[in-house]
Amino acid sequence: MATIRTETQGRVAIIRLDRPQALNALNRAVAEEIAEAAEGFDRDPDIGCIVVTGSDKAFAAGADIKEMQPAEFRDMIRENWFATWDRFTAIRIPTIAAVNGYALGGGCELAMMCDIILAGDKARFGQPEIRLGVMPGMGGTQRLTRLVGRSKAMELCLTGRMMDAAEAERSGLVARVFPAADLEAEAIAMAAEIAERSRLVTMMLKETVHRADEVSLSEGMRFERRLFHAMFALEDQKEGMAAYIEKREPRFRRD
Ligand code: CO8
């Protein structure tokens, strides 16, 4: 892989953006490599959670402006730019973004494609596309609005200003903030804990939470209830509840 590095630690996979010369700007090769790596981990029963991270300076400073600048409308349409990212959001096991440094434009949007965003205390988030004569194109107008509400999403997208980790946590974009030096270890520890649970149940839980963005409350409740009922067809429900009653650790299935 030319633009990312991957490794595994136990049941956790780590995808690390690795274009330091461009502050991890997301070009088409990055999208393809992240999608391919994540799909591989998603198929691997030995992996239960993926951490996506960058460097101390930048998670990712946006889509690659130098690659995009000469593109024409016909190129965008023909190649359906940014559609590759749909493969990443289709990953069924949980994903955690561990953000140190800049998460701007497409970088902020990649973080929002993940299920949980954790930030180092020096992280900066923003959607500066307006300053480049465009608007967010990898989900920023939609996911940021759902996460922080319309007024704040409008303010961030229309001004292009950056917000710090504390503000991002206050506004609901970020789940938790850690000292920058501890972020990666904390993210991996959280991922390891998630990866110890029933792999099938974490997948169904992820699908159900994301359903909340798509359907009405009553439809979402019906979907949740039906999948909850379905979980009683899994050995993991029997094992998890028996382990609680017997005061021991559960042993969930991995496949
Ligand atoms: N694309 C390409 N190269 C980049 C990017 C980027 N997004 N960000 C940084 N780089 C490059 C710089 O050009 C520089 O390269 P060089 O040394 O060759 O000049 C190198 O990375 C280091 O960057 P800086 O010297 O600028 O580092 P600083 O510490 O001075 O500044 C900043 C850091 C503030 C992050 C600054 O680099 C910056 O403002 N970057 C651009 C941020 C930005 O605007 N991102 C949004 C991009 S657009 C997008 O993501 C969504 C696209 C959706 C559009 C839809 C179209 C269809």
Side-chain angles (χ1 to χ4, degrees), residues 1-5 15-35 38 52-89 95 97-114 117 119-148 150 152-168 171 173-174 177 180-181 183:
M1 301 268 181
T3 66
I4 61 169
R5 282 183 287 135
I15 298 178
R16 190 184 306 278
L17 290 133
D18 189 26
R19 294 188 73 210
Q21 73 288 0
L23 299 184
N24 293 332
L26 307 168
N27 61 15
R28 282 173 291 181
V30 179
E32 187 61 41
E33 289 179 15
I34 289 184
V52 181
T53 194
S55 66
D56 290 348
K57 177 156 188 196
F59 177 73
D64 191 317
I65 301 168
K66 293 168 189 166
E67 183 187 58
M68 257 183 319
Q69 193 275 336
E72 299 290 344
F73 174 70
R74 19 187 331 111
D75 305 318
M76 293 269 156
I77 293 286
R78 193 188 307 108
E79 295 172 32
N80 202 7
W81 272 44
F82 301 133
T84 308
W85 292 107
D86 295 344
R87 288 168 53 199
F88 178 69
T89 55
T95 54
V99 177
N100 264 331
Y102 297 110
L104 302 177
C108 186
E109 292 167 303
L110 171 58
M112 290 190 289
M113 287 178 214
C114 295
I117 305 179
D121 53 6
K122 305 283 188 308
R124 311 284 302 272
F125 296 85
Q127 297 290 160
E129 291 88 343
I130 190 84
R131 300 180 183 200
L132 299 168
V134 290
M135 67 177 189
M138 284 167 52
T141 64
Q142 305 303 300
R143 292 200 177 95
L144 189 64
T145 306
R146 282 167 167 79
L147 286 164
V148 306
R150 174 160 54 82
K152 197 168 189 77
M154 280 284 192
E155 189 245 330
L156 288 165
C157 292
L158 286 172
T159 65
R161 80 169 171 92
M162 294 187 210
M163 65 176 166
D164 63 18
E167 184 181 355
S171 20
L173 176 66
V174 160
V177 177
L183 174 70

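Just follow the structure's listing: the first ligand is 1, and inside any ligand the first atom is 1.
Side-chain atoms of Glu129 never come within 3.5 Å of backbone atoms of Val134 as a donor-acceptor pair (strictly under, hydrogens ignored). Looking only at distances, no side-chain donor or acceptor of Asn27 sits under 3.5 Å from a matching main-chain atom of Asp64. For the pair Ser55 (side chain) and Lys57 (backbone), a donor-acceptor distance under 3.5 Å is present. Side chain of Gln127 to backbone of Leu156: no donor-acceptor contact under 3.5 angstrom is found. In this structure a side-chain-to-backbone donor-acceptor pair under 3.5 Å is missing from Arg124 to Asn100. For the pair Thr53 (side chain) and Ala98 (backbone), a donor-acceptor distance under 3.5 Å is present. For Arg19 (side chain) and Thr3 (main-chain N/O), no donor-acceptor pair under 3.5 Å exists by modelled atom type.
When heavy-atom distances to ligand 1 are checked against a 4.0 Å cut-off, Trp81 has no atom that comes that close, whether in backbone or side chain. The proximity of Ala25 to ligand 1, defined as any non-hydrogen pair under 4.0 Å, is limited to the side chain. At a 4.0 Å heavy-atom cut-off, ligand 1 touches Pro128 through the side chain alone. No part of Leu26 comes within 4.0 Å of ligand 1, judged by heavy-atom distances.
For the ligand labelled ligand 1, residue Met135 lies inside the 4.0 Å heavy-atom shell. At least one heavy atom of Lys57 lies less than 4.0 angstrom from ligand 1. In this structure, Lys66 is part of the shell of residues with a heavy atom less than 4.0 angstrom from ligand 1. Ligand 1 is never approached by Arg131 to a heavy-atom distance shorter than 4.0 Å.
With distances taken over non-hydrogen atoms, the option nearest atom 51 (C) of ligand 1 out of Met68, Met138, Glu129 is Glu129. Among Gly137, Ala61, Gly139, the residue whose heavy atom sits closest to atom 45 (N) of ligand 1 is Ala61.
Contact annotation for atom 36 (C) of ligand 1: protein absent (non-hydrogen atoms, distance under 4.0 Å).
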